[in-house]
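Let me begin by presenting the structure, written as structure tokens, before commenting on it.
Computed from a prediction, not measured in an experiment: that's the story for all the values here. In what follows, chains carry the letters A, B, and so on, assigned in the order in which the sequence lines appear, proteins first and then strands, with residues in each chain numbered from 1. Computation of the quantities below employed the complete heavy-atom set of this structure, encompassing side-chain atoms and omitting hydrogens, waters and symmetry-equivalent molecules.
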Amino acid sequence: MLNDLNPPQRKAVTTLSGPLLVLAGAGTGKTRVVTYRIARLIRNGVRPGAILAVTFTNKAATEMQQRTAALIGRRKRGEKERPEISTFHSLCVRILRRRITALGYPAKFAIYDRGDQESLARSALREIKVSGAMLKPRDLLFFIGNWKNKGVRPQQAAELAISDKEHLAASGYRRYQKALQTAGAVDFDDLLLCTEELFENHTEIRREEAARFSHVLVDEYQDTNGSQYRIIRALALGHRNLCVVGDDDQSIYGWRGAEVAHILRFKRDWPEATVVRLEDNYRSTGPILDVANRLIVFNKERHPKVLRAARVGGESPHVLQFADEEGEARFIAEEIHKLTHSGSVQPRDIAILFRTNEQPRAFEQELRRRNVPYVLVGGMSFFDRKEVRDIFSYLKLVVHSTDEVALLRIINVPQRGIGQATVKRLMEQAVAEGQPLWEIIRHVNASTNLPPAATRGLCSLRETLAGIRGLLDKRSVEHIVREVIDQFDYRQEVERQYPNANDQELRWNAVEEVVNAAAQHAARHAEAPLAKFLDDIATNDRDDDKENQLKQNAVALMTLHSAKGLEFPHVYLVGMEEGLLPHRRSLAEDEHQVDEERRLCYVGLTRAKDVLTLSLAQNRRKWGKTHTSIPSRFLFELLGKADNPNAARTMAHQVAASKSPKPHPPGERTGRSTSSSHRRRQGKS
DNA sequence: GCACTGACCGTTTTT
DNA sequence: CGGTCAGTGC
């Protein structure tokens with residue numbers, strides 16, 4: 001096994017005890033090192049169950065599970081244990097399910113996803129009578145997120161607040177947290193925070209949880225935030241067998257609280273740590289690595305390293321400039337069409353990477369027009385669809401009767417005569433009595449002072465839910481999901497809301513997908529209860545995610561963030577413009593933010609194995625208005641022309657034009673249509 | 001309580 | 001441009 005490895009990789013695999021920092025550049029066989037290391041630990045007699053590997057995405061976890069399973073072979077008879085390989089969030093869910101009562105939470109807590117958080121934020125703002133002009137739900141969540149990242153509690157937030165906005169946000173935070181508590185729920189950040197708190201305040205629990213493992217590995221270490229770091233430290237402090245793997249040049253989650261500082265100062269926190277550098281890149285050809293290396297040296301704070309190409313030859317990256325985003329999409333879609341049609345390249349070998357989620361639209365349209373199969377990874381998830389959220393709200397309510405967000409969402413869906421006035425009254429009563437909303441509804445009867453229709457509606461809701469609760473633990477999750485859809489007559493609700501047959505079908509398909517998701521989940525986790533299904537959905541542990549999407553033979557469309565950890569023979573990195581990459585929001589702030597954008601660009605470049613194409617548009621439409629754009633500074637940097645601002649004109653190796661010449665704004669003259677490409681394109685579309 | 005209408009506003013990136 | 005939300009009439 002070790003023969004497949006070069007000396008530094010071998011060192012990373014065989015240094016089994018003590019802290020170890022593996023600084024692994026892109027494409028240097030990082031995954032292989034981690035999996036081999038796990039296999040070697042087991043071979044050396046470490047109990048599989050005593051190994052914990054933490055990843056950032058479920059996709060990475062699944063992949064690592066599969067690879068290690070393949071490596072350690074079919075386990076010996078009777079040996080059921082496997083290394084624990086999971087994301088931070090699922091790890092925390094598992095710990096909290098067992099331990100959260102120590103923090104005064106109910107044992108059965110709900111997990112609120114982004115959508116739930118938004119509803120909570122909205123009602124918190126309504127309660128304190130803050131209009132959207134002053135503070136929007138998103139803004140509030142942004143503040144709350146920042147505070148939680150730093151471990152700031154609502155109380156302290158109020159003290160720390162300086163600006164008016166911060167004061168408002170602080171009191172919103174208090175309401176928000178209170179609402180979470182009465183709903184018996186935690187949000188994403190709480191999963192980490194509660195675990196941290198648990199370890200901090202309950203030494204015996206920390207010791208017991210830590211004792212479950214003798215070796216801890218963390219992948220993508222550059223993306224850990226403060227909480228995650230402290231959780232890991234709490235788990236590894238006893239045995240100090242902590243191996244972290246990461247690349248500071250690929251740290252792209254600073255906005256979410258990740259601190260590159262963790263990887264930069266690992267040696268300080270773990271002084272006896274061994275450091276291994278992996279700089280031999282097996283993924284990309286030399287010319288691709290040249291541009292990547294040239295770009296990344298513009299960042300100041302980093303562990304200096306240069307990727308060396310293990311592969312020889314390769315073509316230079318292409319740079320394409322277009323008149324507008326439609327031209328960009330049309331040309332690239334056409335090129336992909338030709339590539340895949342000739343049979344030399346499979347659709348799955350190609351990726352189109354972009355900075356923002358508004359960019360793929362044009363590409364989708366053009367790919368569809370040419371019948372090129374594609375998958376849009378991420379973006380508006382199927383789980384964010386209205387119907388799907390409704391179904392999940394019923395399900396959540398079946399499991400957690402205190403879940404207020406879910407209750408409010410479906411209290412009158414389908415319509416059962418409960419209007420705003422009734423809801424308001426119930427809420428007031430709940431607040432007055434200090435009870436969860438559900439408790440009030442539980443006691444509603446004919447003598448309650450409510451409109452008769454509302455009383456009838458509430459009773460029917462109560463009965464339906466009770467009926468379904470009776471099925472818990474008796475029937476499969478799939479059966480329960482079907483039952484929910486049936487009992488609530490959701491089919492008719494869809495038909496009522498969408499008179500158009502086409503819409504109806506589309507919406508109903510989404511509903512059926514929930515049943516499929518339940519069936520798939522059951523296939524992976526036999527006999528898992530409904531609560532586990534809901535947890536997994538909330539923590540993004542979904543079957544139909546990235547992994548499965550990418551298995552299809554289709555061109556992948558995704559953001560640069562989603563692309564981390566993946567590789568493709570052909571990569572199109574589109575929208576190489578100032579304002580987009582680097583994004584305008586990062587330009588307003590300090591230089592650190594531009595550095596992160598540069599790392600993002602670096603991640604994009606290093607996804608490419610064989611052919612890398614960069615593209616940009618001279619004009620881009622946003623909200624119906626056309627806007628002239630300037631080539632990204634990163635283009636100049638990576639082409640080695642950073643000191644030559646006139647390079648804009650000579651930069652394009654190949655210039656393609658959109659269908660008809662458009663007048664260019666004065667001063668933005670760029671050489672175009674020097675090639676025959678635009679004539680070639682005239683006949684199309 | 002419910003359906004329809006126009007004003008408004010926004011878009012980084014996501015576990 | 002397109003989705004969301006508040007206000008109006010039934």
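- Atom CG of A:Asn357 is separated from atom P of B:dT11 by 12 Å (rounded to the nearest Å).
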Checklist entry - When you check every protein heavy atom under 4.0 Å of nucleotides 3-10 of chain C, what one-letter string (B, S, -) results, 5' to 3'? => result --S-----
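- Taking the six-membered ring where the residue is Trp, A:His89 and A:Phe188 present perpendicular rings, their angle passing 60° and hence far from 30°.
- No engagement by A:Asp223 is indicated, since no non-hydrogen atom pair under 4.0 Å with the nucleic acid exists.
- Annotation: salt bridge (charged side-chain N to carboxylate O under 4.0 Å, His left out) contacts of A:Glu209 (sequence neighbours excluded): A:Arg98, A:Arg99, A:Arg212.
- Rounded to whole Å, the distance from OH on A:Tyr229 to P on B:dT15 is 25 Å.
- Remark: A:Arg416 engages no residue in a salt bridge (charged side-chain N to carboxylate O under 4.0 Å, His left out) (not counting sequence neighbours).
- We find that CG of A:Asp113 is positioned 12 Å from C1' of B:dT15, with the value rounded to whole Å.
- Between A:Phe56 and A:Phe88, the distance separating the two ring centers is shorter than 6.0 angstrom.
- Straight-line distance from the CD atom of A:Glu220 to the P atom of B:dT14: 15 Å, rounded to whole Å.
- Counting any heavy atom pair closer than 4.0 Å across all strands shown, A:Thr539 reaches no nucleic acid atom.
- Regarding A:Lys148, its NZ atom lies at a distance of 21 Å from the P atom of B:dT14, rounded to whole Å.
- Nearer to the 5' terminus of DNA chain B, by closest-nucleotide assignment, is the contact made by A:Arg416 (compared with the other of A:Arg114 and A:Arg416).
- The NZ-P distance, from A:Lys136 to B:dC8, rounds to 14 Å in whole Å.
- Backbone-only contact: A:Phe56 has heavy atoms under 4.0 Å from sugar-phosphate atoms and none from a base.
- Residue contacts for A:Ala454: at a heavy-atom cut-off of 4.0 Å it reaches no nucleic acid atom on any strand shown.
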Checklist entry - Under the side chain to side chain contact (heavy atoms under 4.5 Å, CB included) criterion, do A:Arg114 and A:Leu141 qualify, and how do the steps go? => result CA-CA 9 Å; A:Arg114 179 73 197 187; A:Leu141 287 178; 3.9 Å; yes
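- The pair A:Lys396-A:Asp116 counts as a salt bridge, with a side-chain nitrogen and a carboxylate oxygen less than 4.0 angstrom apart.
- Taking the charged nitrogens against the carboxylate oxygens, A:Arg230 and A:Glu196 do have a contact shorter than 4.0 Å, which makes a salt bridge.
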